[in-house]
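Down below is the structure, laid out as structure tokens.
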Amino acid sequence: QIVKEADLTYIMNRLGEFRDDNRIGIEGTLHRVSVMRDENKSPTGLTIRFARAIYGVAECLRSLLLSSQGILVVGAPGTGKTTLLRDIVRILAEKLQSGLVVVDTSNEIGGAGMIAHPMLGLARRMKVPSKAVQYAIILEAVGNHGPDTLVIDEIKNALEVESLLDVSQRGVNLVATVHGRNIHQPIRNRVINPLLGLPNLISGELESEPIFETAVVVVEKGLYHVYTDLVNTIPRLTRGEFVPPVVFDIRIPAAAREHVLAV
């Protein structure tokens with residue numbers, strides 16, 4: 001079916017005003033709509049992302065989550081990184097309650113609207129009006145609201161990295177996500193790797209201590225590779241040594257999936 005200009009106008013009028021990053025959430029859900037525009041800012045298409053809250057996908061990591069001093073979640077787009085993060089928030093909120101603060105860019109963790117998704121429990125949420133000011137919201141969250149643990153989705157630029165380095169010096173535990181298909185990509189990323197101790201990419205030596213103790217690589221939905229003790233693990237990985245991860249595999253076997261679908 002061909003989508004006409006009238007169709008786009010109808011949908012956009014029902015959604016409301018898009019943010020300056022051309023995204024908008026659907027209130028009461030975790031879904032997100034992004035608009036494509038031409039050189040005159042006129043809409044040319046929409047991308048609708050259906051997000052889900054899946055309870056239990058982080059349960060295999062529970063003991064690690066409750067004991068680790070800082071967790072970095074690494075994953076490529078579409079692997080379930082944010083879905084995992086939502087369940088991590090649920091588990092941490094059970095213990096920390098209002099001591100957990102979520103910096104929610106694009107409302108991807110808690111959903112659109114004033115009332116956050118029930119998965120967040122008693123955790124507090126700070127919305128980010130624009131990705132350009134996420135770094136400032138991170139600093140505001142710590143300066144004004146005194147969290148024990150701060151959760152941030154998708155760290156991408158130098159300002160955000162600098163803000164996390166600042167926050168880590170104030171005794172706040174951090175849980176954050178970055179893009180990457182494996183543990184090596186954030187280590188080699190010169191924007192991100194200050195969070196990992198700024199490893200020398202030749203010698204592997206660290207200039208500082210990583211602000212995360214643990215890294216969880218989301219290989220695909222339900223398959224996680226976990227690296228602990230990053231202060232000692234990162235130099236080894238940087239030097240090309242093989243460090244076997246702890247593997248958690250909660251994927252549903254194909255036969256079981258067919259059975260579930262049949263039911």
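Atom set for the values below is all heavy atoms of this structure, side chains included, hydrogens, waters and symmetry mates excluded.
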- Decide side-chain contact (heavy atoms from CB on, under 4.5 Å) for Arg86 and Thr83; before the verdict, give the C-alpha distance in whole Å, the side-chain angles of both, and the deciding distance to 0.1 Å. CA-CA 5 Å; Arg86 289 190 197 100; Thr83 300; 3.8 Å; yes
- Message: Pair Lys221, Arg251 - check side-chain contact (heavy atoms from CB on, under 4.5 Å), show working.
- Response: CA-CA 7 Å; Lys221 292 180 177 67; Arg251 293 172 295 179; over 6 Å; no
- Task: Determine, stepwise, if the pair Val57 / Ile250 fulfils side-chain contact (heavy atoms from CB on, under 4.5 Å).
- Result: CA-CA 8 Å; Val57 293; Ile250 61 169; 4.3 Å; yes
- Could you go through the side-chain contact (heavy atoms from CB on, under 4.5 Å) check for Arg190 and Leu201 one step at a time? CA-CA 10 Å; Arg190 295 185 183 276; Leu201 298 183; 3.5 Å; yes
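When all heavy atoms of Asp87 and Glu59 are compared, the closest pair comes out as OD2-N, 4.0 Å. The two residues Pro147 and Ala141 have their closest heavy-atom pair at CD-O, 3.4 Å. Minimum heavy-atom separation, Pro245 to Tyr227: CB-CZ, 3.6 Å. Leu8 and Gly45 get closest at one heavy-atom pair: CD1-N, 3.8 Å. Taking all atoms of both residues into account, the shortest heavy-atom contact from Pro186 to Asn193 is O-CB, 3.5 Å. Shown here for Val247 and His225, the closest heavy-atom pair between the two residues is CG2-CD2, 3.7 Å.
By the neighbour-count criterion of 12 heavy atoms within 6.0 Å, atom CD1 of Ile48 is densely surrounded, having more than that number from other residues, nucleotides or ligands. Around CD of Glu27, the count of heavy atoms belonging to other residues, nucleotides or ligands within 6.0 Å does not exceed 12. Within 6.0 Å of the CD atom in Glu209, the count of heavy atoms belonging to other residues, nucleotides or ligands does not exceed 12. Within a 6.0 Å sphere centred on CD of Glu5, other residues, nucleotides and ligands contribute 12 heavy atoms or fewer. By the neighbour-count criterion of 12 heavy atoms within 6.0 Å, atom CG of Leu66 is densely surrounded, having more than that number from other residues, nucleotides or ligands.
Here the straight-line distance linking atom CG of Leu174 with atom OG of Ser68 works out to 11.0 Å at 0.5 Å rounding. Here the CD1-CD1 distance, from Ile152 to Ile138, works out to 5.0 Å after rounding to the nearest 0.5 Å. Note that the CD1 atom of Ile109 and the NE2 atom of His117 stand 12.5 Å from one another [nearest 0.5 Å]. Here Leu120 contributes atom CG and Leu100 contributes atom CG; the two are 7.5 Å apart, rounded to the nearest 0.5 Å. Summarising the geometry, atom CD1 belonging to Ile234 is positioned 6.5 Å from atom CD1 belonging to Ile183; distances are rounded to the nearest 0.5 Å. With rounding to the nearest 0.5 Å, the separation of OG1 in Thr228 from CG in Leu230 is 7.5 Å.
Contact check for His179 versus Pro77: side-chain heavy atoms found under the 4.5 Å cut-off. In this structure, the side chains of Val219 and Thr79 stay at 4.5 Å or more apart for every pair of heavy atoms. When side chains are defined from C-beta on, Asn200 does not count as touching Thr238, because their heavy atoms never get closer than 4.5 Å. Lys127 places a side-chain heavy atom less than 4.5 Å from the side chain of Asn107. Using a 4.5 Å cut-off on side-chain heavy atoms (C-beta onward), Pro194 and Leu165 make contact. Looking at heavy atoms from C-beta onward, Val103 lies in side-chain contact with Leu150 at the 4.5 angstrom threshold. Residues Ile88 and Val216 have side chains not in contact (no heavy-atom distance under 4.5 Å, counting atoms from C-beta outward). Looking at Ser34 and Asn22, their side chains never come closer than 4.5 Å, going by heavy atoms from C-beta outward.
In this structure, the side chain of Asn157 does not engage the main chain of Val161 through any donor-acceptor pair within 3.5 Å. With hydrogens and angles ignored, the 3.5 Å screen pairs a side-chain donor or acceptor of Asp38 with a backbone N or O of Ser42. Judged by distance alone, with hydrogens and angles left aside, the side-chain atoms of Thr44 form a donor-acceptor pair with the main-chain N or O of Met36 at under 3.5 Å. Under the 3.5 Å distance criterion, the side-chain polar atoms of Asp104 are left unmatched by any main-chain donor or acceptor of Arg125.
With respect to the salt-bridge test (charged N to carboxylate O, under 4.0 angstrom), the residues Asp7 and Lys4 do not qualify. Using a cut-off of 4.0 Å between Lys/Arg side-chain N and Asp/Glu carboxylate O, Lys131 and Glu160 are scored as salt-bridged.
Both Leu61 and Ile91 are assigned to one and the same hydrophobic cluster, defined by single-linkage of ILVMFWY side chains at heavy-atom distances under 4.5 Å. At a threshold of 4.5 Å between side-chain heavy atoms, the hydrophobic network of Ile, Leu, Val, Met, Phe, Trp and Tyr places Phe18 and Val133 in two separate groups. Cluster annotation: Val178 is not connected to Val218 through the hydrophobic network of ILVMFWY side chains, with a link wherever side-chain heavy atoms come within less than 4.5 Å. Connection of Leu72 to Leu206 is established within a shared hydrophobic cluster, with ILVMFWY side chains joined at heavy-atom distances below 4.5 Å, either directly or through further cluster members. Residue Val128 is grouped with residue Val101 when hydrophobic side chains (ILVMFWY) are merged at heavy-atom distances under 4.5 angstrom, including chains of intermediate members.
Screening residues 161-185 for salt bridge (charged side-chain N to carboxylate O under 4.0 Å, His left out) gives Asp166-Arg170 as the qualifying pairs, with residues at least two apart or on separate chains. Pairs passing the ring-ring contact (aromatic ring centres under 6.0 Å, His included) check and including a residue from residues 39-79, sequence neighbours excluded, read His31-Phe50.
Residue Pro129 forms a side chain to side chain contact (heavy atoms under 4.5 Å, CB included) with just one option from Ile137, Asp21, Asp20, and that option is Ile137.
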